[in-house]
Amino acid sequence: MDGSADVVVVGAGAAGLSLASRLAGGPLDVVLVSPDTPAAPKTWCYWEPGDGRWDPVVGARWDLARVHGPDGAELLLPLAPYTYKMVRSPDHERHALDRIAAGGVRRVAAEVDTVSDGPEHATVRGRDAAGREVVLTARWVYDSRPVPPAAAGRVHLLQHFRGWFVETARPAFEPGVATFMDFRTPQPAGGVSFGYLLPTSATRALVEYTEFTRDVLSDSGYSAALRQYTGDVLGLPDFTVTDVEEGAIPLTDAPFPRRVGRRVFRIGTAGGATRPSTGYTFAAVQRQVEHIATALAAGRDPAPPAAYGRRHLWMDQVLLRGLDAGEIDGAAFFMRLFDRQPTARVLRFLDGATSPREDLAVMGAAPLGPMLRTLLPG
Ligand SMILES: Cc1cc2nc3c(=O)[nH]c(=O)nc-3n(C[C@H](O)[C@H](O)[C@H](O)COP(=O)(O)OP(=O)(O)OC[C@H]3O[C@@H](n4cnc5c(N)ncnc54)[C@H](O)[C@@H]3O)c2cc1C
């Protein structure tokens, strides 16, 4: 199959679907190329003030969050003006595909092999499920296929986790409160671990065990960690596991360039939208998409913006190296951060939207000595 378009979007995950559905119904001729293979469902959470684009498919929301220290100390954090929202990827996909279909975006089912740049147009080549070649040319290509970083970084941790969707026989959860980080889990020698709890009713919740460490755990390692967290820490009454979700998100200071040609850009995780210190990506994807759509409509250079500024990436690098080297006590660091800073500022900081003055305050909440030691060569 041969074809041409104004814009080709490669990949139909969070970034590809968000961009293609945002451009749907506009003046540009848009094609979305992705393989027909179903992806494992994911639960995406993010915070934003007020209403948002994905509200029609938000499955749960919270205005309060909790953080627990290793000793059981508890912080209850009002999130205003933000709300923490949860979208399940199948709902996001269904909603995006409805808009894509209604808005005239063409879909091509193919696995892309190469995207090559050119002065007037870029070319996307791939194969459909029957092995036939697919060639598409476009003025602009936005590629969201996963890629390794463009160069080695100084730190490569993973945010790796397994979550159980649980249903208890008796009420056991407070539906209005999300637990962001619960450090009453055994802490690894390097890195940090915590529980994460998203209650959707008094008897249903997603309960996750998460680590920021170098390597994923074995199957039995995650099961043991979740048993310890649901049993010893949460003391959950009889429950059944209705579904399981897991993932490993790279936390690295390695570069992910957004512009890889005159007419070829990367978006999503491939385009640096994952915050190195947290793994949060979804909200940054939405910011990238909005910027691209506005630039395309205005006839400006439609390159995706940097998801996070240099200062914030530098701070992330210091934190990750400190965690990796065992120089920073992750549980103490995050507890102090949430305890000593207004929650709205912490959330803006994690969005990369704080000023230098606010960043100094954030750094002041952390023990500076060990963090700076991580910058020494070696
Ligand atoms: C289980 C899990 C939970 C997460 N939870 C959160 C969360 O709560 N909040 C948050 O902010 N972030 C979260 N993340 C991180 C991040 O938001 C997700 O990884 C998100 O899916 C990244 O979007 P993306 O579009 O960059 O990549 P993906 O969603 O992985 O999309 C990449 C797309 O490229 C396609 N593709 C691959 N190869 C080809 C090819 N050769 N040709 C064409 N298409 C191809 C794939 O089919 C896929 O559709 C989570 C990640 C995981 C794994």
Side-chain angles (χ1 to χ4, degrees), residues 8-22 31-48 52 54 58-62 84-90 92-93 96-97 100 107-115 124-129 134 136 141-148 158-165 178 180-181 196-198 206 208-210 216 222 243-251 256 258 265-289 304 307-308 347 350-352:
V8 169
V9 178
V10 180
L17 285 171
S18 295
L19 179 59
S21 61
R22 175 63 179 80
V31 174
L32 173 65
V33 196
S34 65
D36 241 352
T37 41
K42 297 174 191 156
T43 305
W44 291 316
C45 287
Y46 57 100
W47 52 87
E48 65 184 352
W54 299 103
V58 164
R61 57 183 74 216
W62 301 269
Y84 197 57
K85 301 182 180 180
M86 179 178 95
V87 170
R88 297 271 294 146
S89 62
H92 177 265
E93 180 175 309
L97 290 179
I100 281 168
R107 289 189 63 197
V108 173
E111 186 143 336
V112 170
D113 298 323
T114 60
V115 178
V124 174
R125 289 175 193 278
R127 297 208 172 264
D128 67 15
V134 170
L136 296 161
V141 173
Y142 294 92
D143 191 353
S144 68
R145 286 174 300 160
V147 280
L158 291 172
Q159 186 205 116
H160 57 97
F161 52 92
R162 178 177 290 177
W164 285 344
F165 289 85
F180 280 176
M181 296 177 134
Y196 177 67
L197 174 65
L198 298 176
L206 170 59
E208 283 187 4
Y209 172 80
T210 301
V216 297
Y222 287 115
D243 208 349
V244 179
E245 172 169 320
E246 59 188 16
I249 305 169
L251 304 177
F256 288 90
R258 302 174 310 282
F265 307 112
R266 294 218 181 103
I267 54 171
T269 294
T274 297
R275 179 88 199 233
S277 60
T278 64
Y280 279 107
T281 311
F282 190 82
V285 162
Q286 306 312 318
R287 292 194 291 272
Q288 278 188 334
V289 161
Y308 309 102
L347 297 182
L350 297 178
D351 277 340

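Counting starts at 1 for both ligands and their atoms, in listed order.
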Fill in: Nearest neighbour of atom 7 (C) of ligand 1 from the list C45, G279, A248, A270, on a heavy-atom basis
C45
Worksheet entry | Atom CZ of R145 with >12 non-hydrogen neighbours under 6.0 angstrom | yes
Discussion item. If I apply the N/O under 3.5 Å rule, does P146 come out as touching ligand 1?
Written reply: no
Fill in: Nearest-0.5 Å distance that lies between atom OG1 in T43 and atom OH in Y196
8.5 Å
Worksheet item: For G13, is at least one N or O under 3.5 Å away from an N or O on ligand 1?
Response: yes
Practice prompt. From the options Q286, Q288, R145, select the one whose nearest heavy atom is closest to atom 36 (N) of ligand 1.
Written response: R145
Worksheet entry | Proximal ligand 1 atoms for G268, defined as those under 4.0 Å from one of its heavy atoms | 26 (O)
Practice prompt. Write out the residue and atom name of the closest protein heavy atom to atom 17 (O) of ligand 1, then the distance separating them to 0.1 Å.
Written response: T281 CB, 3.3 Å
Worksheet item: Looking at ligand 1, does any of its N/O atoms fall within less than 3.5 Å of an N/O of K42?
Response: yes
Worksheet item: Can you tell me how far NZ of K42 sits from OG1 of T281, rounded to the nearest 0.5 angstrom?
Response: 9.0 Å
Fill in: Distance from atom 23 (O) of ligand 1 to nearest protein heavy atom, with residue and atom
A14 CB, 3.4 Å
Worksheet entry | Within 45° cone and under 6.0 Å: R275 NZ/CZ vs Y308 ring | yes
Discussion item. Test of understanding: given a 4.0 Å heavy-atom threshold, classify the contact between A40 and ligand 1 as side chain, backbone, both, or neither.
Written reply: neither
Worksheet item: Does any N or O in the side chain of S144 come within less than 3.5 Å of the main-chain N or O of Y142, such that one atom is a donor and the other an acceptor?
Response: no
Discussion item. Can you tell me how far apart NE2 (H92) and CZ (F282) are? Round to the nearest 0.5 Å.
Written reply: 4.0 Å
Item to complete: Report the part of E246 in contact with ligand 1, treating N, CA, C, O as backbone and CB onward as side chain, heavy atoms under 4.0 Å; options are side chain, backbone, both, neither.
Response: backbone
Worksheet item: Polar-atom distance check: A15 versus ligand 1, any N or O pair below 3.5 Å?
Response: yes
Worksheet item: So between S144, G11, A283, whose heavy atom ends up nearest atom 32 (C) of ligand 1?
Response: S144
Practice prompt. Would you kindly specify which portion of D113 sits under 4.0 Å from ligand 1, judged on non-hydrogen atoms: side chain, backbone, both or neither?
Written response: neither
Fill in: CZ on R258 to CG on D143, rounded to 0.5 Å
15.0 Å
Item to complete: Specify whether the nearest protein heavy atom to atom 46 (C) of ligand 1 is under 4.0 angstrom away.
Response: no
Worksheet entry | Positive for side chain to side chain contact (heavy atoms under 4.5 Å, CB included) with V141, one of V31, V10, V9, L136 | V10
Response to the item:
Residue, atom and distance of the protein heavy atom nearest atom 41 (N) of ligand 1 read V112 O, 3.0 Å
Worksheet item: So, is P35 polar-close to ligand 1, with some N/O to N/O distance under 3.5 Å?
Response: no
Worksheet entry | Side-chain H-bond candidate by donor/acceptor type, Q159 with T278, under 3.5 Å | no
Discussion item. Please report whether ligand 1 has a polar contact with T269, defined as an N or O pair separated by less than 3.5 Å (distance criterion only).
Written reply: yes
Item to complete: Give, for atom NE2 of H160 and atom CD1 of I249, the distance between the pair rounded to the nearest 0.5 Å.
Response: 11.0 Å
Worksheet item: Looking only at N/O atoms, are T43 and ligand 1 under 3.5 Å apart anywhere?
Response: yes
Worksheet item: Starting from atom 14 (N) of ligand 1, which protein heavy atom do you reach first, and at what distance in Å?
Response: I249 CD1, 3.6 Å
Worksheet item: Can you find a protein heavy atom under 4.0 Å from atom 25 (O) of ligand 1?
Response: yes
Item to complete: Kindly say whether A96 contributes a backbone atom to a donor-acceptor pair with the side chain of S21 at under 3.5 angstrom?
Response: no
Worksheet item: Do F256 and T274 come within less than 4.5 Å of each other through their side chains, counting heavy atoms only?
Response: no
Practice prompt. Name all residues meeting the ring pair (Phe, Tyr, Trp, His ring centres under 6.0 Å) criterion together with F180; count only those two or more places apart in sequence or in a different chain, and write none if there are none.
Written response: Y84
Fill in: Enumerated ligand 1 atoms positioned under 4.0 Å from heavy atoms of E245
1 (C), 3 (C)
Worksheet item: Do any heavy atoms of W44 fall under 4.0 Å from ligand 1?
Response: yes
Item to complete: Select one of side chain, backbone, both or neither to describe which atoms of F161 lie under 4.0 Å from any atom of ligand 1, heavy atoms only.
Response: side chain
Worksheet item: For G272 and A307, which heavy atoms make the closest approach, and how far apart are they?
Response: O-CB, 3.4 Å
